[in-house]
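The basis for the numbers below is simple: all heavy atoms, side chains too, and nothing from hydrogens, waters or symmetry mates. Just so we're on the same page: letters track the sequence lines, and every chain starts at 1. Note that the structure is a prediction, hence the values are computed from the model and not measured.
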2 protein chains.
Amino acid sequence: MTDQQAVLDLLDIVEYGGCAEPEQFFALMRRTFKIAHLLYLEAEPLADGLKVCRLHHTFGAYAAEIYRTRALHRIDPILRLALGGVRPVEWTTARRRFPECEPLFHAAEEIGLSTEGVALPLPSPAGRMALLAINANMSPVEWSIYRRCHLRDFQLAANLFHASMLEHAATAGAIDERDMRLTGRETEVLTWSAAGKSYWEIATILGISERTVRFFMTNARRKLNVVSNTQAVAQAVRHALIPTI
Amino acid sequence: MTDQQAVLDLLDIVEYGGCAEPEQFFALMRRTFKIAHLLYLEAEPLADGLKVCRLHHTFGAYAAEIYRTRALHRIDPILRLALGGVRPVEWTTARRRFPECEPLFHAAEEIGLSTEGVALPLPSPAGRMALLAINANMSPVEWSIYRRCHLRDFQLAANLFHASMLEHAATAGAIDERDMRLTGRETEVLTWSAAGKSYWEIATILGISERTVRFFMTNARRKLNVVSNTQAVAQAVRHALIPTI
DNA sequence: TTTTGAACTGTCACTACCGACAGTTACATG
DNA sequence: CATGTAACTGTCGGTAGTGACAGTTCAAAA
């Protein structure tokens, strides 16, 4: 088993900001644990799949090329299970539950990725999703013992790393999300629209003219960069921009 | 330090469904770790605060009464920090960052709650939030050592418990939402509508007539008991009826 | 004091949405 | 075979949403 002291040191480093860059964190994880590869993914849902906001991994150039060209991240059942759930997802479980994805797992084996591993869902601000996938080149028996002992370490390390990624993004991206903040009235009209009210009804409720309701709604659409009230409301709900009724 | 074997056993039990009821989990946690109190909270954001969807705790009747009557959960800075973030929140950190809440912490001390502890944010679907707050009656020094050693255990146990809570809620609530279940096509048209597509565009994408798109959308509106596509999409996003993947 | 941002209003023309009418086809289940 | 469910289509007429035109008022920040 891995040295417990080394694990605690790693957790300290990640918690107290010593791993600002993904590469540092990945290197530290691979050094401390017997991990072959790591993949960190932040995404938000779209109609026809996922918009990948951030993707870091330790694949070599060749493996990454295969992963990209075959668009594995679009169909990878592990990603689907992990991004949709809360529980850690075992690679072998995903493989059993999606027999039709067997070719995918063969392709993954080509690039040294599929033996044993786990994907950890991570908490994110409303509507977003993130995961850390961990891959080990171990025998099933060896992995099951190793997993039982270190899943808690993986989980905490993943959470802490994810937190520092989000904090880093918040400070870096604070500027370009300024224009996406909705004003009070914009939020109000969106909220009532999400409640099924027409422009005329919203105008009556808020005590303003129908034209003004349309004005706020147009502003909201522009800020959210969408083309319809329906899409605006979907975005607003996903990003928790409007209150739940 | 706590027996490592007992910790691993606890994690196994929680992972493999042996803790369906919060009371069982809480009892197991308090037995395994030197924990005074636990609080599990699921919530969703509202305009003026939080709507608490589920709340379990190990307070005694008197303490719970105080907590409720003083509505501590509405102003508790620990809940605010934990529900809004990703990182584990130390009770003492929250206390330092919100000096104006000092009376609250005094009130908490009355009911044996505030000495040392941590609150763990948990990943949740579709705009919801959850946390597990852990409280220990330890000296600061004792707690810092204990925390360093067991935060990873707390984090994984919290994640696994939270997962089974969500799964339990999903199976329990599946019956009375029978008529609210959408068919495949209804989900598809809602999804594309949420992506800002018009009926004509959706018809083209799905390779069916515009009239048929309207048919599915009408069915979806009827099932969801709403009056507009916008409201339908808002509902669907909130209830995670349309794919977040 | 100028500037900026939020809140507010009017009209025109066009497109999208929505309800109500009345059907067909295919497949699984009892 | 009957029943039920999902998927599918057409037409009509009214209402709602959308973009582009062109403004006013007020308060706070620069």
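With the nearest nucleotide of DNA chain D identified for both B:E210 and A:Y199, B:E210 has the one nearer the 5' end. A residue-by-residue look at B:R214 and A:K197 shows that B:R214 has its nearest nucleotide of DNA chain D further toward the 5' end.
Separating the CD atom of B:Q231 from the C1' atom of D:dG17 is a distance of 16 Å, rounded to the nearest angstrom. Between the CE atom of B:M217 and the C1' atom of D:dC8 there is a distance of 16 Å, given to the nearest Å. B:R211 places its CZ atom 13 Å from the P atom of C:dC18, with the value rounded to the nearest Å. Between B:R222 atom CZ and D:dT5 atom P the separation is 11 Å, expressed in whole Å. Atom CH2 in B:W200 sits roughly 13 Å away from atom P in C:dT15 (whole-Å rounding). Atom CG of A:N219 and atom C1' of C:dG5 are 11 Å apart (whole Å). Put simply, CD on B:E188 is 8 Å from P on D:dA7, counting in whole angstrom units. One interatomic measurement links the two molecules: CZ of B:F215 to P of C:dC21, which rounds to 15 Å at whole-angstrom precision.
Picking from D:dT11, D:dA7, C:dA16 the nucleotide with the shortest atom distance to the side chain of B:S198 gives C:dA16. You'll find that the side chain of A:I208 is closest to C:dC8, out of D:dA7, C:dC8, C:dG10.
Backbone-only engagement by B:R185 is indicated by non-hydrogen atom pairs under 4.0 Å involving sugar-phosphate atoms exclusively. Counting any heavy atom pair closer than 4.0 Å across all strands shown, B:N229 reaches sugar-phosphate atoms only and no base atom.
Distances shown here put a side-chain N or O of B:T183 below 4.0 Å from the OP1 or OP2 atom of D:dA7. Phosphate contact (OP1/OP2 of C:dT9, side-chain N/O of A:T212, threshold under 4.0 Å): present. Residue B:S209 has a polar side-chain atom (N or O) positioned under 4.0 Å from OP1 or OP2 of D:dG10.
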- Message: Evaluate A:R147 against A:S144 for side chain to side chain donor-acceptor pair (under 3.5 Å), listing each step before the verdict.
- Response: CA-CA 5 Å; A:R147 179 205 130 98; A:S144 83; over 6 Å; no
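Shown are A:H162, A:E167, A:E15; of these, the side chain to side chain donor-acceptor pair (under 3.5 Å) with B:R87 is made only by A:E167. Here the options are A:I208, A:I202, A:L206, A:I205, the test is side-chain contact (heavy atoms from CB on, under 4.5 Å), and the partner is A:E188; only A:L206 passes. Remark: of the listed residues B:N159, B:L11, B:L160, B:N159 is the sole one forming a side-chain contact (heavy atoms from CB on, under 4.5 Å) with A:Q155.
A 4.5 Å side-chain heavy-atom check between B:L122 and A:V86 finds every atom pair outside the cut-off.
Evaluation of atom-type donor-acceptor distances gives no pair under 3.5 Å for the side chain of A:R221 against the base of D:dT18.
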